[in-house]
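Below is one structure, written out as structure tokens; the observations come after it.
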Amino acid sequence: MPVFNEEKYLHEAIDSILHQTFDRFEFIIIDDASTDNSLAIIQSYADERIVLICNEYNVGNYPSRNKGLEIAVGKYICVMDADDVAYPQRLELQYQYLEACPDLWILGTRLDFSIPGMKWTLPSSHEQLMIGLLQDNVSLHSSLMIRTDVMRKYGGYDEKYVYSSDYDLMSRFSLAGKVENLPEVLMMYRWHASQISQLHRDEQKTYAYDIRRKYQIEFINRYRNANQQTPDEWTVGIPEIGRIIALYTYASYTGDVIYEKQADELLEQLLGNDIEIVPSLGQESSFCSLGCGFIYILRNGFAEGEENEILMELDTRLSALSINWNKEQKESLYGWIHYLTLRIDVPEEGTATLINKQNLIQFLDRLGDIEIVDDYLLKDIRKIDALGIFPKRTKRLLGEKEIVHIYNVDKPLDDIVTFVIPVRIDSSERRENLDVVLDQLSKRKRSKIIVLEADNDSKYRVPGNCLNVTYRFVKDDNPIFYRTKYLNELLYETDTSIVGIWDTDVIVPDDQIDSSIADIRNGKSVMSFPYDGRFNFCSMEDSCVFRDNRLIEFLKEKEHLNCFIHSVGGAFLVHKDYYLEAGGENEHFCGWGMEDMERVKRMEIVGLPVSRAVGALYHLFHYRYENSRFNSFKQEEENRKEFLKICGMYKEPLMQYVRTWRMFETSVGKPVS
């Protein structure tokens with residue numbers, strides 16, 4: 001019995017042991033450096049059965065118990081707390097039962113509460129205890145009697161679980177041996193505000209979560225059949241899902257439909273309620289654990305349902321999440337990579353799988369160039385690498401040496417920059433936004449601007465004050481705006497070495513544009529983004545105000561809640577010669593979607609340097625119509641497949657593929673096909 005500042009209840013606890021009907025015991029009391037009158041109370045007893053240990057300093061509950069275990073001479077260890085009360089027959093009945101059941105390792109009892117009306121119904125049988133431990137501890141620690149040899153063989157209390165080591169003890173022993181609770185009420189459990197379980201409730205829950213997760217995995221592995229998958233920590237990350245899987249597993253093992261019905265009911269409740277956010281995991285890790293748990297349940301045949309349909313909501317949110325990822329969320333990043341690795345491991349390659357592969361590539365980007373030490377993550381990266389989804393990145397993450405091509409980028413010979421803007425005016429807001437963009441860019445010195453409008457008829461007129469803007473109209477009845485095709489035409493049309501490729505609705509501070517231009521001029525990069533990834537979507541109201549005042553400071557001062565932080569769209573500048581040599585715009589992308597990400601991945605694979613300026617980009621509001629989304633499911637699949645095709649290549653095969661896009665009269669000449 002460890003004691004730390006329990007003078008209020010200590011006399012009653014000690015007396016309840018000394019007055020037992022069974023008297024052949026030693027009573028090891030460990031005073032854990034109490035600062036109240038506890039030590040004096042213990043020393044006031046003259047009973048020779050008391051063995052007193054005094055800690056020099058406070059070491060804690062379970063280290064003190066392990067100290068007692070080291071010197072104990074009895075056949076059994078009887079656990080006691082300094083604020084509880086043992087009823088007179090406790091030791092006698094427990095001793096007799098253990099003597100009669102040599103295969104039993106631990107025996108607890110039922111209890112009364114010190115507060116009238118409080119109840120805690122504990123299971124008695126070993127099977128029910130095992131099932132109960134899937135959810136929480138189902139024994140009163142201070143009621144336990146344990147075989148000393150077993151306790152020592154299995155290492156006593158694991159002290160790392162500072163406030164929950166008793167739960168760990170029961171979990172370990174229930175799977176290794178037999179544990180039970182007597183049906184008799186032999187303890188009075190005192191509930192009060194100063195006890196450990198109340199003072200350290202949050203820490204106790206955190207430790208209990210780790211213990212429960214470990215126990216659920218071991219339970220499932222013990223009873224799973226040969227065809228059932230091995231669960232991992234993400235599978236049982238949501239405690240209730242781990243419990244459901246364990247119940248399904250045990251039902252299959254025993255053939256007992258009662259456990260299957262329990263699992264069905266719990267699963268139905270889970271689907272009908274909001275997800276439990278596990279505090280120690282946080283929201284994102286809880287979400288991905290939910291997904292991993294559902295995948296396990298479905299793929300092992302415990303429940304019926306279409307996986308893509310059930311997980312659609314989780315999959316959908318990942319596209320935005322991947323480009324708005326906070327670097328502090330490292331653990332949940334690992335979790336989502338694990339979830340997506342599971343999701344792409346399917347025989348068919350429908351739209352859902354294509355999206356998940358694309359999202360997985362984005363999440364791999366968020367890893368940066370870290371050294372992988374997490375075993376689960378390392379296993380996932382190896383699997384992704386074997387699938388050839390993005391070998392350029394996975395090989396580097398796995399630490400494999402790669403041939404580094406050092407480019408001596410020729411500096412541009414001219415000092416003029418051409419900005420090209422292909423456009424289709426599909427709303428009045430877009431027309432007004434383009435007016436503002438041209439107003440900004442046309443004021444830049446040593447700059448040219450080319451606007452190419454492609455539509456069934458001309459809808460745009462360049463403002464009269466934009467003197468360095470060249471406007472060209474191309475009649476195009478195709479409802480899908482073929483932006484990549486027109487960008488290539490503009491790239492070949494320009495006569496400057498540096499070209500800025502701009503959307504019709506983006507505003508970038510001039511100093512950031514200057515920074516990107518300088519990077520290209522100095523040979524630092526072939527492609528440069530004039531912002532650091534922060535892509536701010538301005539509200540309709542803020543966009544209206546800006547179109548009137550045209551003050552960039554107004555946009556900077558606004559709080560933009562709708563913002564991506566890893567964007568690669570909107571505006572970028574290129575060293576034209578090198579960019580065209582690497583393929584220019586990929587015209588396999590017709591319409592909206594993926595071309596922004598593809599061109600950056602292509603530069604990475606080819607080995608051409610890409611840089612970013614410091615600062616944000618601001619996207620002015622406009623209504624979104626057919627050219628701001630996928631035109632059809634067929635187009636979506638084709639675009640996603642093209643993106644994944646590029647990402648799956650190494651440099652040489654990619655360059656061979658690029659050469660099939662267009663044939664050139666000269667390295668920077670006009671295309672002949």
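Everything quoted here is computed from the prediction, not taken from an experiment. The figures here come from the full heavy-atom set of this structure, side chains too, leaving out hydrogens, waters and symmetry mates.
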Test salt bridge (Lys or Arg N to Asp or Glu O under 4.0 Å) applied to D210 and R213, step by step:
CA-CA 5 Å; D210 289 337; R213 182 173 58 177; 3.5 Å; yes
Please evaluate residues R483 and D596 with respect to the criterion salt bridge (Lys or Arg N to Asp or Glu O under 4.0 Å), reporting the C-alpha separation (whole Å), side-chain torsions for both, the decisive distance (0.1 Å), and the verdict.
CA-CA 11 Å; R483 189 169 187 273; D596 291 334; 5.1 Å; no
Show, in sequence, the C-alpha distance, side-chain angles and deciding distance for R317 and E284, and conclude whether the salt bridge (Lys or Arg N to Asp or Glu O under 4.0 Å) test is met.
CA-CA 11 Å; R317 68 188 297 274; E284 289 306 325; 2.9 Å; yes
Evaluate salt bridge (Lys or Arg N to Asp or Glu O under 4.0 Å) for R243 paired with E240, printing each intermediate quantity in order.
CA-CA 5 Å; R243 184 181 170 206; E240 203 63 3; 3.1 Å; yes
Between N433 and R430, does a side chain to side chain donor-acceptor pair (under 3.5 Å) hold up when you go through it step by step?
CA-CA 5 Å; N433 290 344; R430 180 154 268 171; over 6 Å; no
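A side-chain donor from one of T230 and R224 sits under 3.5 Å from a side-chain acceptor of the other. Side chain to side chain, Y339 and D315 meet the donor-acceptor criterion of an N or O pair below 3.5 Å. In summary, the side chains of D519 and S516 do not present any donor paired with an acceptor at a separation below 3.5 Å, with no hydrogens or angles considered. Side chains of D232 and H338: a donor on one and an acceptor on the other come within 3.5 Å. Remark: the T249 side chain and the Q228 side chain contain an N/O donor-acceptor pair separated by less than 3.5 Å. In the model, D476 has a side-chain atom that pairs as donor or acceptor with a side-chain atom of Y486 under 3.5 Å.
In this structure, the side chains of E587 and W661 stay at 4.5 Å or more apart for every pair of heavy atoms.
The two residues A251 and Y259 come nearest to each other via the heavy atoms CB-CB, 3.8 Å. Nearest heavy-atom pair, T341 versus I344, reported as atom, atom and distance to 0.1 Å: O-CG1, 3.4 Å. For the pair S322 and R366, the tightest heavy-atom approach, listed with the atom from each and the gap, is O-NH1, 2.6 Å.
By the 6.0 Å and 45° rule, R612 stacks over the aromatic ring of Y531.
Summarising the geometry, atom OG1 belonging to T504 is positioned 8.0 Å from atom CD1 belonging to I421; distances are rounded to the nearest 0.5 Å.
Note on ring orientation: taking the six-membered ring where Trp is involved, the planes of Y579 and F572 are perpendicular (angle over 60°, cut-offs 30° and 60°). Between F535 and F564, the angle of the ring planes lies from 30° to 60°, which puts this pair in the tilted group. Using a 30° and 60° split on the angle between ring planes, F219 and Y250 fall in the tilted class, from 30° to 60°.
Residue V236 forms a side chain to side chain contact (heavy atoms under 4.5 Å, CB included) with just one option from I244, I220, L134, and that option is I220.
Residues forming a ring-ring contact (aromatic ring centres under 6.0 Å, His included) with Y296 (at least two apart in sequence, or on another chain): none.
For the pair R534 and D532, the salt-bridge criterion is met [side-chain N within less than 4.0 Å of a carboxylate O].
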